[in-house]
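Below is one structure, written out as C-alpha cells, with a few remarks after it.
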Amino acid sequence: MFDKILIANRGEIACRVMATARKLGVRSVAVFSDADAGAAHVAMADEAVHIGGPAPADSYLRGDVIIRAALDTGAQAIHPGYGFLSENPGFVEAVDAAGLVFIGPSASAIRKMGLKDAAKALMEEAGVPVVPGYHGENQDPGFLAEQAEAIGYPVLIKAVAGGGGKGMRKVEAAKGFGDALASAMGEARTAFGNDAVLIEKYIQQPRHIEVQVFGDGTHAVHLFERDCSLQRRHQKVIEEAPAPGMTEEMRAAMGEAGVRAAEAIGYSGAGTVEFIVDGSHGLRPDGFWFMEMNTRLQVEHPVTEAITGVDLVEWQLRVASGESLPCAQEDLSITGHAFEARLYAEDVPKGFLPATGTLAHLVFPDGARSDTGVRPGDAISPWYDPMIAKIITHGPTRGIALKQMEQALSHTEVAGSVTNLAFLRALTRHQGFAAGEVDTGLIDRDLDVLAKDPVACSRCRSLAALCALGLHEGQDALAGFTLWEPLHQYAVFGYRDEVLQAMVETLAPGHFRVTLEGAAHEVCRDLVGWRIDGALVPARVVRHAAGLHVFWGNAYGFDIIDPLDVAAAAGAVAGVIEAPMPGLVKAVFVEAGQRVAAGDRLAVLEAMKMEHTLSAGRDGVVAEVLAGAGDQVEAGAALIVLEEEE
Ligand code: ADP
C-alpha cells in the first residue's frame, strides 16, 4: 500500500477519498485553488499545495502543476476523483512518465472509451449489445438522414465526443432531421471541438441502468446495477441500487456484459458501464443496450457501496498499489436497497439556476450517510459545481430506504443559499417513483408539481415572528413574561420581497399568541418541540448570521429587519429618509435648510404601538420636509430629503 497519495480534486469527492486513505493509514495531499484556500478538503488533508487561480483551467486542470506537487510532497500516486482530469488520457501518460501511479485505468483504456462511436464499435465486437444505429465515419447530412430513416423514427443524434447531454437531439420525424443535425453539430463543435455525431434509435420509455465494474487490468467483476433514471436534462437527480423490477436473469446478463466490456479493454480500477433499457414492457434480458463507459469512480458510487458493503475507494487504492482483485464474483452479493439524493445549491423555481452563497447554517441528518465537501460557514462559489452534499440511505427494502430518504431530507438544514431540497423531497413522495415506475421522462412529465416552491404558511410565519424577537430559544423561557398582564411585542421581518409585521403576546412562559396578517395562532414551546394551536409540529427554528430559518419539511428563510436600519440605510444611500413601515408621524425636528450630522434625530414615527426614531444616515443639509406631525404615512413614504452631496 502507498504511504502517501495526492488527490487531484476538490469538494466532496476529495474528502471522500481522504476518508478511506486515512482508514488505510495512507497520508493524503490536497491541492487547492485560490477560491479553496479555506475549503474542507484542505483542512482534512495531511498536507496541501496551492496550485493556482480559481478557474479550473488555472488550477484543477493543470496536470503539470499537480504532478509537480505530487513529486514535491513525496506522494506516490494520484487519485483523480471524478470530473477535472479523471478521464484525460494525456494526464495519465504524464503521471506514468513522472514515475507516479495513476489510481485508475490506463491511458489506452480511457482512450478506447473516450469517443462514443469507437466505444460502440468496440463493444459490438466484444459481444455487448449496443443501441441500434449508425456510428460510422460518413458525416454527410444526406447520408445521415437516410440512416435515420433506416433506423426508424424517433431517433437520437449524439455527439461522439459528447458528455453531459451536450450535442444531443431527439428527432421525432424526417422533416425535423436537418435542423436538429445542424444544431447538434454546432453545439458539439463549440463544446468539444469535434462535430462528429452518431445516430441511435430512440428507446421508448427509457431507463438508465448502469453496471459498476471493477478490474485489475486483466480480470473484472461487477458490483451489480444502479438505476439512474430519475434525471432532469440528462442529469441524474436521485440514484438507487438495485434497479426496481430487476430480475435475476437480466441482472446476470447485464453484469456479464459489463464485465465483458471491462475485460475487452484491460480495465483497471472502478468503472461504470451505462446501458439504456427499454422500460415499456418491463425488464427483459434482451432489452438493454450499451451507451457508454465512464472510466472513473462515479458520483453515485455510494449506493453500490451501501448494498455490497464494499468500500470502492479502498479497492481502488489496493488494486492501484499492485494487489489483485479483492474478491471473486461469487463472493459479492446485494443486501437491501439504497438511494442517493444530490443536494445542490440551485434555484428550482428559476429553472434550476445554479446558486451561490455562504452556508450560514448547515446540518445533515442522523441515520443517513452524508458525503460533503462543505462545513457551516463555507461558501458555495460560482467557480465550481454547486453540489452541497450527497445524502445516502440504506434499508432492508426499497420502501423503507425511500422513507428513510424522505426523513433524512426533512432533517437536512441549509441556510445561506437556496437549494433543491424541496424538489428532492417532492420526488421521494412521488407515487410513481414510490411504485418503482421510473423512466427518464418522469421528472419532466410532473415538473410543475415537483418544482413547486412551497410558501410559508401563517403558522410557519408565527414561528419566524417569535424567532425575530429572540423568543424561540429554551433559555429565554421567561423572556417577555410579566405576571400581571400579557405583554405585547411587535416583530417586523422579511419574507421574500414582503415586509411582515406580527404582534406577539406572551401568555405564560414559552406560551405565546401571535397575530399576523389577520390570523392568530397560539404557539407553545415545550420540551418536545413546537405546538401550534394545540398540535405538535415538526418544525425547527434557527437564527443565524444571515437571518432566520424555519425548517419544517422545507427551508423557509426570513430576514430580520431592524426598522431603524432600513431608514438609516436608505438615508445614507439616497439622502431620503423613508417611513420603514406604515405609521403616524409623531414629531419632526428639522426644517428645510437646516444642517444635520449623521446620527441626528430627524423625526419620530409611531408604528405598531412603538415609537421609532428616524435619524440622519450622513451629514448634510435638509432639502425638503415632506411630512408633518399628525400625518399618517405609508411604508416607504419619503419623509425628509437631504440635499445632494457635492
Ligand atoms: P452524455 O454522455 O452526454 O451524458 P449519454 O449517452 O450518457 O450522454 O446519454 C445521456 C442520457 O440520455 C441517458 O441517461 C438517457 O436518459 C438518454 N439517452 C441516451 N441514449 C438514448 C437513447 N438511445 N434513447 C433514449 N434515451 C437515450
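Heads up: numbering here begins at 1 and tracks the sequence.
- Atom NE2 of H219 sits in a sparse spot, with 12 or fewer heavy atoms from other residues, nucleotides or ligands closer than 6.0 Å.
- Evaluation of the side-chain contact (heavy atoms from CB on, under 4.5 Å) rule for D179 yields no partner, not counting sequence neighbours.
- Distance CD/E305 to OG1/T20: 7.0 Å, rounded to 0.5 Å.
- Ring geometry for H337 against F339 counts as tilted: the plane angle lies between 30° and 60°, on a 0 to 90° scale.
- Interatomic distance, OG of S28 versus CE of M44, reported as 7.0 Å (0.5 Å rounding).
- From R111, atom CZ reaches atom CD1 of I265 across 13.0 Å, with rounding to the nearest 0.5 Å.
- For E249, the CD atom is loosely surrounded, since the number of other residues' heavy atoms within 6.0 Å does not exceed 12.
- In summary, of the residues considered (V128, V277, D278), a side chain to side chain contact (heavy atoms under 4.5 Å, CB included) with F288 occurs for V277 alone.
- Contact of the P244 side chain with the D227 side chain is registered, since non-hydrogen atoms from C-beta on lie closer than 4.5 Å.
- Taking every heavy atom of both residues into account, A264 and M123 meet most closely at CB-CE, 4.4 Å.
- Between the side chains of S183 and R169, at least one donor N or O sits under 3.5 Å from an acceptor N or O.
- Aromatic rings of Y60 and F32 (six-membered ring for Trp) have centroids beyond the 6.0 Å cut-off, not under it.
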(message) Set out, in order, the CA-CA distance, both residues' side-chain angles and the distance that settles side chain to side chain contact (heavy atoms under 4.5 Å, CB included) for Q298 and R226, then state yes or no.
(response) CA-CA 11 Å; Q298 295 271 89; R226 293 185 285 259; 3.5 Å; yes
(request) Decide yes or no on salt bridge (Lys or Arg N to Asp or Glu O under 4.0 Å) for D46 and R27, but give the supporting numbers first. (result) CA-CA 6 Å; D46 296 298; R27 279 175 297 148; 5.9 Å; no
(request) Evaluate the criterion side chain to side chain contact (heavy atoms under 4.5 Å, CB included) for residue pair Y202 and V155; output intermediate values, then yes/no. (result) CA-CA 5 Å; Y202 184 83; V155 299; 5.5 Å; no
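- Atom NZ of K201 has more than 12 heavy atoms from other residues, nucleotides or ligands within 6.0 Å.
- Rounded to the nearest 0.5 Å, atoms CD1 (I103) and CD1 (I5) are 4.5 Å apart.
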(request) Begin from the C-alpha positions of L24 and E314 and carry the test side chain to side chain contact (heavy atoms under 4.5 Å, CB included) through to its verdict. (result) CA-CA 8 Å; L24 300 178; E314 176 187 326; 3.9 Å; yes
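- Checking I276, L230, L283 one by one against R207, the side chain to side chain contact (heavy atoms under 4.5 Å, CB included) holds for a single residue, L283.
- Considering all non-hydrogen atoms of both residues, H41 and V31 come closest at NE2-O, 2.9 Å.
- Atom OG1 of T304 and atom CD of E239 lie 10.0 Å apart (nearest 0.5 Å).
- Surrounding NZ of K350 are at most 12 heavy atoms belonging to other residues, nucleotides or ligands under 6.0 Å away.
- A salt bridge does not link R68 to D64: none of the charged side-chain nitrogens sits closer than 4.0 Å to a carboxylate oxygen.
- One finds the OG1 atom of T272 at 11.5 Å from the CE atom of M113 (value rounded to the nearest 0.5 Å).
- Residues V319 and S268 form a side-chain contact, since some pair of their non-hydrogen atoms from C-beta on lies under 4.5 Å apart.
- For Y267 and F214, the ring centers sit 6.0 Å or farther from each other.
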(message) Run L156 and V131 through side chain to side chain contact (heavy atoms under 4.5 Å, CB included) and show every step you take.
(response) CA-CA 10 Å; L156 201 61; V131 188; over 6 Å; no
